[in-house]
2 protein chains.
Amino acid sequence: MPRLAAGDRREALVEAALRVMGRDGLAAGTTRAVVAEAGMSLASFHYVFASRDELLAELVRRVVGRELATATAALDAAAIDPAAGPADCLRAAARGYLGHLEADPGAEQLMLELTLHAVREPDLRPVAREQYRAYAAAAAALLERAAARTGARWRGPLAEPARVLVTLVDGATTTWLVDRDTAATRATLDAAVDLLVARYAVVPA
Amino acid sequence: MPRLAAGDRREALVEAALRVMGRDGLAAGTTRAVVAEAGMSLASFHYVFASRDELLAELVRRVVGRELATATAALDAAAIDPAAGPADCLRAAARGYLGHLEADPGAEQLMLELTLHAVREPDLRPVAREQYRAYAAAAAALLERAAARTGARWRGPLAEPARVLVTLVDGATTTWLVDRDTAATRATLDAAVDLLVARYAVVPA
DNA sequence: GTCTATATGCAGATAGAC
DNA sequence: GTCTATCTGCATATAGAC
């Protein structure tokens with residue numbers, strides 16, 4: 001193995017962990033499985049990470065960052081049609097998410113597993129809180145953007161509908177992972193979006 | 001230890017597992033930890049359960065049964081006020097659930113951990129599906145009862161709003177477990193109930 | 001920086017005496 | 001039916017040569 005900078009090695013290990021744990025679950029992502037996937041030795045792992053939990057914390061931060069980037073990109077793409085209303089934008093974003101979930105279910109399941117694990121571990125709890133603060137902020141940004149692009153506006157503070165949105169995506173993910181009923185999940189999200197817009201948005205005539 | 005019938009021993013082990021895993025998580029619920037909690041020897045475990053997964057399957061079935069009983073009881077209690085509408089009933093049921101979640105967060109977290117674990121294990125996948133079928137049926141029964149008690153009725157098949165309800169409760173649970181913000185979760189559920197009723201219910205004047 | 005080899009401990013499951 | 005003792009394997013983490 002060539003000599004790698006510590007940062008590059010951390011990066012490679014995070015990517016390997018994502019592959020292994022996405023495929024077989026958080027519990028299957030042992031340090032040994034991760035280094036095998038990365039083609040490294042076990043000692044190299046502990047050279048750049050003090051512990052497995054330190055890897056998990058970095059994993060969450062990295063994936064959340066990636067998700068946020070994907071979400072804003074999807075939203076921008078959805079708001080191109082000038083005749084679209086905020087409900088159309090949000091529906092398109094929801095479908096985008098659902099497509100991503102279908103394409104790589106393991107990744108989203110892993111995030112849920114990580115969240116539940118982090119909540120149990122005192123050292124990782126702050127990471128989970130940060131993760132959900134980021135989700136809420138992203139949801140608020142999504143709502144704001146959907147309104148701005150369609151000339152609508154939202155009643156009251158964004159925090160409430162943003163939290164409803166996060167709750168819905170979380171719940172829809174869990175439910176879909178169990179029954180894999182994409183049509184039903186799409187219907188649920190579509191209905192939820194309509195409800196959200198009906199209650200919180202002011203759409204110009 | 002006295003000689004116990006196999007059935008009684010299974011029951012005792014399931015209860016012990018619920019305590020240990022509710023407290024410290026699914027991963028901490030090793031066979032050894034469970035038998036220690038139950039005050040039994042390790043061999044007794046394998047005398048009545050072929051494997052740990054068999055215990056987990058029975059665990060899910062038992063808790064789901066208990067949850068369904070609690071949910072219907074709470075609904076009946078909520079529908080006593082003759083002036084209540086379906087939204088009032090559902091709000092009361094949501095608050096009842098939230099109270100239960102606050103009183104014993106570990107139990108609900110454990111159910112989520114079990115669901116995600118079951119989805120990964122081929123042998124347990126059918127258990128998870130059964131669990132969510134039961135949730136959906138319970139949600140439909142809840143909606144039906146809320147309508148019947150208040151003279152309202154639902155538009156279209158119950159399956160769609162029932163799925164929305166399950167999704168919401170799932171998502172609200174995850175979100176609450178992370179930030180423990182009861183007020184925000186209550187607001188989310190209240191808003192969601194209003195939305196649900198506005199879209200799906202026909203309330204008599 | 002990178003490796004092999006190892007320390008240490010706990011997991012699920014079983015053997016076999018009583 | 002119930003127990004102690006044990007088999008077997010894998011976990012995280014570290015020591016120390018190169």
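Every chain is numbered from 1, with letters handed out A, B, ... down the list of sequences.
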Between [atom2] of [N] and [atom1] of [X], the distance in whole Å:
X	N	atom1	atom2	answer
B/L55	C/dG12	CG	P	10 Å
B/F49	C/dT14	CZ	C1'	18 Å
B/D53	C/dG12	CG	C1'	11 Å
B/L42	D/dT8	CG	P	17 Å
B/H46	C/dG16	NE2	P	17 Å
A/R10	C/dG1	CZ	P	13 Å
B/M40	C/dG12	CE	P	16 Å
A/F45	D/dA13	CZ	C1'	10 Å

Taking OP1 and OP2 of [N], is either one under 4.0 Å from a side-chain nitrogen or oxygen of [X]?
X	N	answer
B/T31	C/dG12	yes
A/S44	C/dC3	yes
B/Y47	D/dT2	no

Checking only heavy atoms, does the side chain of B/R32 share a donor-acceptor pair with the base of C/dG12 at less than 3.5 Å?
-> yes

Can A/E160 and A/R163 be said to form a salt bridge (Lys or Arg N to Asp or Glu O under 4.0 Å), step by step?
-> CA-CA 5 Å; A/E160 192 176 313; A/R163 197 176 218 269; over 6 Å; no

Carboxylate-amine/guanidinium contact A/D179 B/R133, below 4.0 Å = no

Looking at B/R91 and B/D194, does any basic side-chain N land under 4.0 Å from a carboxylate oxygen?
-> yes

More than 12 heavy atoms of other groups within 6.0 Å of A/E102 CD = yes

The residue, B/A43 or B/R52, whose nearest nucleotide of DNA chain C is more 5′ is B/R52

Indicate yes or no: at least one non-hydrogen side-chain atom of B/L112 is less than 4.5 angstrom from one of B/L177.
-> yes

Just checking B/S41: base, sugar-phosphate only, or nothing, at a heavy-atom cut-off of under 4.0 Å?
-> base

With DNA chain D as reference, determine whether A/A33 or A/A50 sits nearer its 5' end, using the nearest nucleotide of each.
-> A/A33

